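First the structure, in the form of structure tokens, and then the observations on it.
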Amino acid sequence: MGVSGLIGALGNLYDSQVDAAVLSGLSLLKKTDLLRRWERETARLPIDYTGPKFGGPAHRVRSAGHDIGRFFAALNQIRTGTFEGTWWEDGQRMVEKVATTRSGLPFAQAPERHLAVALLLKHWAADFVTPMNLPLPGWTLLGEMSNPDLRKFANDAYAGTNSGDGLNLRSGMLTPGLGMLATEVVIRTHTHLGAYRSTDTARLATSASAKHTEMLLAAHAAAGAISVSKTTAAAIAGETVVAARHLNIPVLMRIGMLALKVRSDAAARAEAGAPSWEKLLADEAATWTLPEAVTIADLLTNPVGPSSADEATSCPRAGRVRPASATPR
């Protein structure tokens, strides 16, 4: 667990360097014939409109077209050949629809659903390997909120201080996900190998599975703590909203899921544990006959010696009078 926790922590501590390496690898894919062909095939799509209010390096965050969390909104633009975006002026929400490029040419369109889906996925793939990548799922919704501070935060966090160093699908999900995946592989390999050595099967018993979940939670918690600490430190140091790129979203989500699982396991163990003394007494009392119950009650309330009622009371099960000192069943 210590090794896996260290891997996750180092991945978060040096997240910028890891992301730069990932971007370098994706840049090699951009040069392949396949990606270049897809880029040509998806040229002049309405989701790439960069006119007034929607242009600039961060244009992908200013409409739904590049948001994988708003798949159907982006798909509709391609099927109709019409860009649709939202902007605000004097507190009023404006919806702009554009059917031509800035040079006056009509946008490409694909009314057939399957063709539109193919074009959209190809376009996203070609954009994914670029430095600006794609926004996080649903991130463009922040840019359409009525609150100007939220709109500015969404734009600035995605744009970053330099091209590609903001919060996007690569830096926010892919890169931190690599460290999380390494942690999972190390711990899962360790626990399943241990189970195989002990029982000749890699299947985990209930207790081993609970321990496995707790180990994952501890390792990811260490990585999450580094992530939150670095994000806070970067924000204080002057990165402000751009510091959000250091937040390890996959790990934080995984911590939440594991915490719920640990709590569920603990509740299951408590329910299946040894019964309480009250439950044992209730189960035993359910077998007593009425005379036995009277005798036991009298013993509990009058422990010094037998009463006249005890001497006159006989036990049907034994066929004789039960002495006051006798131990009840």
Side-chain angles (χ1 to χ4, degrees), residues 15 19 22-23 26 38 42 45-50 53-80 82-88 93-98 107 110 113-160 164-178 180-181 227 231 241-257:
D15 60 337
D19 188 55
V22 173
L23 175 58
L26 292 177
W38 286 358
T42 58
L45 289 179
I47 61 175
D48 257 350
Y49 175 69
T50 56
K53 308 291 185 182
F54 300 99
H59 75 277
R60 294 173 187 169
V61 80
R62 293 178 182 149
S63 69
H66 293 87
D67 191 333
I68 66 174
R70 304 176 69 183
F71 176 83
F72 293 104
L75 187 67
N76 185 63
Q77 292 188 36
I78 294 177
R79 295 187 67 188
T80 61
T82 304
F83 168 83
E84 183 174 333
T86 299
W87 56 284
W88 291 79
R93 184 175 185 269
M94 307 291 182
V95 177
E96 185 163 343
K97 295 185 178 182
V98 182
F107 285 124
R113 185 181 296 272
H114 66 285
L115 293 178
V117 169
L119 284 175
L120 180 59
L121 295 181
K122 288 179 180 179
H123 186 85
W124 281 352
D127 284 347
F128 185 79
V129 298
T130 62
M132 293 301 291
N133 205 263
L134 298 171
L136 289 172
W139 195 258
T140 59
L141 290 172
L142 294 177
E144 298 179 1
M145 294 291 182
S146 59
N147 189 313
D149 293 330
L150 278 178
R151 297 198 300 270
K152 187 176 186 306
F153 168 74
N155 183 80
D156 292 350
Y158 172 75
D165 69 356
L167 180 62
N168 51 53
L169 195 59
R170 183 198 67 250
S171 65
M173 298 294 287
L174 176 60
T175 299
L178 295 177
M180 185 185 75
L181 179 62
S227 168
T231 302
V241 297
V242 183
R245 67 194 177 98
H246 299 298
L247 206 58
N248 194 323
I249 299 174
V251 162
L252 297 179
M253 293 174 62
R254 183 66 172 145
I255 289 172
M257 295 171 60

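From a predicted model like this one, the values you see are computed outputs, not experimental measurements.
Taking all atoms of both residues into account, the shortest heavy-atom contact from Leu167 to Gly172 is CD1-CA, 3.8 Å. Closest approach of Ser227 and Thr231 over heavy atoms only: O-OG1, 2.8 Å. Counting all heavy atoms, side chain and backbone alike, Ala74 lies closest to Trp124 at CB-CZ2, 4.1 Å. Residue Asp127 comes nearest to Leu134 through the heavy atom pair CB-CD2, 3.8 Å, listed as atom of the first residue, atom of the second, then distance. Between Ala154 and Leu142, the closest heavy-atom pair is CB-CB, 3.6 Å. Taking each heavy atom of Arg151 and Met145 in turn, the nearest pair found is NH1-O, 2.8 Å.
Between the side chains of Asn168 and Ser171, at least one donor N or O lies within less than 3.5 Å of an accepting N or O.
Separation of atoms CD1 (Ile47) and CG (Asn76) is listed at 12.0 Å; rounding is to 0.5 Å. Atom CD1 in Ile78 sits 9.5 Å away from atom CG in Asp48 (nearest 0.5 Å). Here the straight-line distance linking atom CG of Leu120 with atom CD1 of Ile68 works out to 10.5 Å at 0.5 Å rounding. For the atom pair CD1 of Ile249 and CE of Met253, the computed distance is 8.5 Å after rounding to the nearest 0.5 Å. Here Arg254 contributes atom CZ and Asn248 contributes atom CG; the two are 13.0 Å apart, rounded to the nearest 0.5 Å.
Here the side chain of Arg245 pairs no donor or acceptor atom with the backbone of Asp15 at under 3.5 angstrom. With hydrogens and angles ignored, the 3.5 Å screen pairs a side-chain donor or acceptor of Asn133 with a backbone N or O of Phe128. When atom types are taken as modelled, the side chain of Arg93 and the backbone of Glu144 share no donor-acceptor pair closer than 3.5 angstrom. Without hydrogens or angle criteria, Thr82 side chain to Pro46 main chain gives no donor-acceptor distance under 3.5 Å. A donor-acceptor distance shorter than 3.5 angstrom exists from the side chain of Tyr158 to the backbone of Met132, with no hydrogens or angles considered.
Between Phe153 and Trp139, the ring planes are tilted. Angles from 30° to 60° get that label.
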Intermediate values then yes/no, side chain to side chain contact (heavy atoms under 4.5 Å, CB included), Phe83 and Ser63: CA-CA 9 Å; Phe83 168 83; Ser63 69; 3.4 Å; yes
Side chain to side chain contact (heavy atoms under 4.5 Å, CB included) between Trp38 and Leu121: does it pass, once the steps are laid out? CA-CA 9 Å; Trp38 286 358; Leu121 295 181; over 6 Å; no
Derivation and outcome, side chain to side chain contact (heavy atoms under 4.5 Å, CB included), residues Thr175 and Arg170: CA-CA 6 Å; Thr175 299; Arg170 183 198 67 250; 4.1 Å; yes
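For the pair Lys97/Thr80, no side-chain contact is recorded, criterion being any heavy-atom separation below 4.5 Å from C-beta on.
Within a 6.0 Å sphere centred on CE of Met94, other residues, nucleotides and ligands contribute more than 12 heavy atoms.
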